[in-house]
S.K.: 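Starting off with a structure, shown below.
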Amino acid sequence: MFGAVVVGIGTVGWVRIRDMLAPLPGSPAEKLTVRGFISRRSLHSQQGVNEISVEEAVNTGDIHVAFICTENVSHEDNVRTFLQAGKHVCVEYPMTMNYKAAVELWDLAQEKGVILHEEHIELLTEDYKQLKKEVEGKILQEGTLHFTGGALKPGFGFPAFSGIARLTWLVELFGELSVTAATMEEDSATNSSKMTAKLLTADNKPLTWIEERGLGLPRTKNINFHFDSCTLTQIPAAPRGAVGLFMQDLIHFSAKLVGQASPEELQREKIRILHCLELADRIQQLCQR
């Protein structure tokens with residue numbers, strides 16, 4: 001069994017505890033047992049699980065895994081703390097707010113011989129899986145992905161990082177990308193922002209990623225992908241999967257812990273995650289010139 005601690009008890013931290021207390025029967029997630037949680041607030045107990053200190057979690061021999069569910073800007077320090085203690089780490093995206101730090105964390109995980117896993121539930125949604133099927137085999141000419149959502153709270157970081165799920169979609173759908181231009185419009189009076197990134201595929205086909213945030217904006221993704229044979233302007237509707245997204249991610253992470261993921265799969269995932277973080281870093285640099 002792998003004893004686990006959950007760091008940060010917001011919505012996701014609460015879900016992580018819930019899923020470990022009732023894992024999918026027959027899945028590798030059954031190998032995880034939650035030993036405690038860490039919170040800045042004094043919460044005493046959550047779902048029957050007791051609060052513990054960072055020192056206790058780091059130094060306790062029966063805690064092997066940390067789930068990092070804090071605000072984005074705190075991810076890097078928390079991941080580093082637990083990797084240095086030789087613990088496996090599952091962190092919500094983005095693991096860091098810059099590419100260089102992410103490379104350092106992967107190197108540290110390798111040095112310590114532990115698993116570092118960045119959650120990407122956006123790749124597990126039924127609508128994404130359906131979209132990937134629709135895109136397969138088609139030759140892209142140009143495309144746009146425009147995300148809108150409510151205003152971000154402090155601690156989420158720059159939109160290229162807080163919105164890296166959308167960038168991950170584009171990389172998974174169209175392969176390795178490069179950044180050619182990026183701009184950022186902000187209005188502090190209305191707490192709104194609009195980031196526009198111009199990207200190119202390996203075949204020099206243009207993609208535009210727009211990340212727009214503001215009070216009252218609906219949370220939605222709009223696409224316009226032009227292919228040689230057709231145009232996709234709507235994400236295909238798909239029924240919700242039988243297994244929750246965070247449970248699917250928990251199973252994926254657990255499979256790595258018990259050696260059920262191939263080295264090739266782990267390397268492919270690492271390359272994609274670092275590529276997306278490098279793109280996000282480049283977008284931020286261009287926006288802040």
Side-chain angles (χ1 to χ4, degrees), residues 1-95 114-126 149-150 152-156 162 165 219 239-258 260-261:
M1 294 296 284
F2 293 87
V5 62
V6 174
V7 185
I9 301 296
T11 304
V12 176
W14 194 92
V15 168
R16 290 299 193 188
I17 291 174
R18 181 200 69 190
D19 286 353
M20 280 189 279
L21 290 174
L24 187 72
S27 78
E30 289 186 313
K31 298 292 184 187
L32 284 162
T33 180
V34 59
R35 303 271 188 218
F37 70 87
I38 296 165
S39 175
R40 286 187 309 241
R41 298 168 289 163
S42 188
L43 297 173
H44 306 301
S45 95
Q46 290 285 304
Q47 303 176 69
V49 176
N50 291 327
E51 187 171 2
I52 61 174
S53 68
V54 174
E55 292 72 22
E56 195 178 342
V58 162
N59 295 314
T60 299
D62 66 352
I63 290 179
H64 315 95
V65 177
F67 287 84
I68 309 302
C69 311
T70 60
E71 64 278 6
N72 294 349
V73 293
S74 302
H75 286 177
E76 180 189 335
D77 288 346
N78 281 300
V79 170
R80 198 181 300 277
T81 295
F82 284 95
L83 288 180
Q84 281 175 335
K87 313 291 185 186
H88 304 287
V89 173
C90 171
V91 58
E92 309 309 310
Y93 73 77
M95 70 168 69
V114 294
I115 296 293
L116 173 57
H117 171 89
E118 185 181 67
E119 162 271 315
H120 279 283
I121 58 167
E122 76 280 2
L123 299 178
L124 305 174
T125 62
E126 296 304 312
L152 284 177
K153 296 174 186 169
F156 274 76
S162 63
R219 187 178 177 87
R240 183 173 288 194
V243 179
L245 296 177
F246 282 101
M247 182 64 82
Q248 289 182 53
D249 182 67
L250 189 69
I251 292 166
H252 183 42
F253 174 53
S254 309
K256 294 177 182 180
L257 296 178
V258 299
Q260 290 179 8

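Model, not experiment: these values are computed from the prediction.
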S.K.: Minimum heavy-atom separation for S254 and A29, please, with both atom names.
M.R.: OG-CA, 3.3 Å
S.K.: How far apart are the closest heavy atoms of A4 and I63, and which atoms are they?
M.R.: C-CG2, 4.5 Å
S.K.: Can you list the residues that meet the ring pair (Phe, Tyr, Trp, His ring centres under 6.0 Å) rule with H64, with sequence neighbours excluded?
M.R.: none
S.K.: May I ask you to test the N72-S162 pair for a side-chain heavy-atom distance under 4.5 Å?
M.R.: yes
S.K.: Are L32 and L257 close enough that some pair of their side-chain heavy atoms sits under 4.5 Å apart?
M.R.: yes
S.K.: For the residue pair E118 and M95, what are the closest heavy atoms and their distance?
M.R.: OE2-N, 2.7 Å
S.K.: Rounded at 0.5 Å granularity, tell me how far CD1 in I38 sits from OG in S53.
M.R.: 7.0 Å
S.K.: By salt bridge (charged side-chain N to carboxylate O under 4.0 Å, His left out), which residues pair with R40, not counting sequence neighbours?
M.R.: E71
S.K.: Determine the minimum heavy-atom distance between S45 and N50, stating which atoms define it.
M.R.: CB-OD1, 3.7 Å
S.K.: For E119, give me all partners under salt bridge (charged side-chain N to carboxylate O under 4.0 Å, His left out), at least two apart in sequence or on another chain.
M.R.: none
S.K.: Between OG1 of T81 and CD of E76, what distance do you get to the nearest 0.5 Å?
M.R.: 10.0 Å
S.K.: What residue pairs, at least two apart or across chains, pass salt bridge (charged side-chain N to carboxylate O under 4.0 Å, His left out) with a residue in residues 60-69?
M.R.: R35-D62
S.K.: Between K87 and A57, which heavy-atom pair has the shortest distance, and what is it?
M.R.: CE-O, 3.5 Å
S.K.: Under the 3.5 angstrom rule, does the side chain of Q248 hit a backbone N or O of I121 as a donor-acceptor pair?
M.R.: no
S.K.: Under 3.5 Å, sequence neighbours excluded: what are the donor-acceptor pairs made by side chains of residues 7-14?
M.R.:
none

S.K.: With a 4.5 Å limit on heavy-atom distance, are the side chains of V6 and C69 in contact?
M.R.: yes
S.K.: Measuring from atom CZ of F37 to atom CD1 of I52, what distance do you get when rounded to the nearest 0.5 angstrom?
M.R.: 9.5 Å
S.K.: Quick one: CG on L24 to CD1 on I251, what's the gap to the nearest 0.5 Å?
M.R.: 4.5 Å
S.K.: State the CZ-CE distance between F246 and M20, to the nearest 0.5 angstrom.
M.R.: 12.5 Å
S.K.: Identify the heavy atoms of I115 and H88 that sit nearest to each other, and give their distance.
M.R.: N-ND1, 2.9 Å
S.K.: Decide yes or no for V114 and V89: does some side-chain heavy atom of the first lie under 4.5 Å from some side-chain heavy atom of the second?
M.R.: no
S.K.: Taking only residues two or more places apart in sequence, or in another chain, which ones meet H117 in a ring pair (Phe, Tyr, Trp, His ring centres under 6.0 Å)?
M.R.: H252, F253
S.K.: Among D249, L245, L250, find the one that has a side-chain contact (heavy atoms from CB on, under 4.5 Å) with M247.
M.R.: L250
S.K.: Could you check whether any side-chain heavy atom of F82 comes within less than 4.5 Å of a side-chain heavy atom of V58, counting everything from C-beta outward?
M.R.: yes
S.K.: With a 4.5 Å cut-off on side-chain heavy atoms, are T70 and H75 touching?
M.R.: yes
S.K.: Do D19 and F67 come within less than 4.5 Å of each other through their side chains, counting heavy atoms only?
M.R.: no
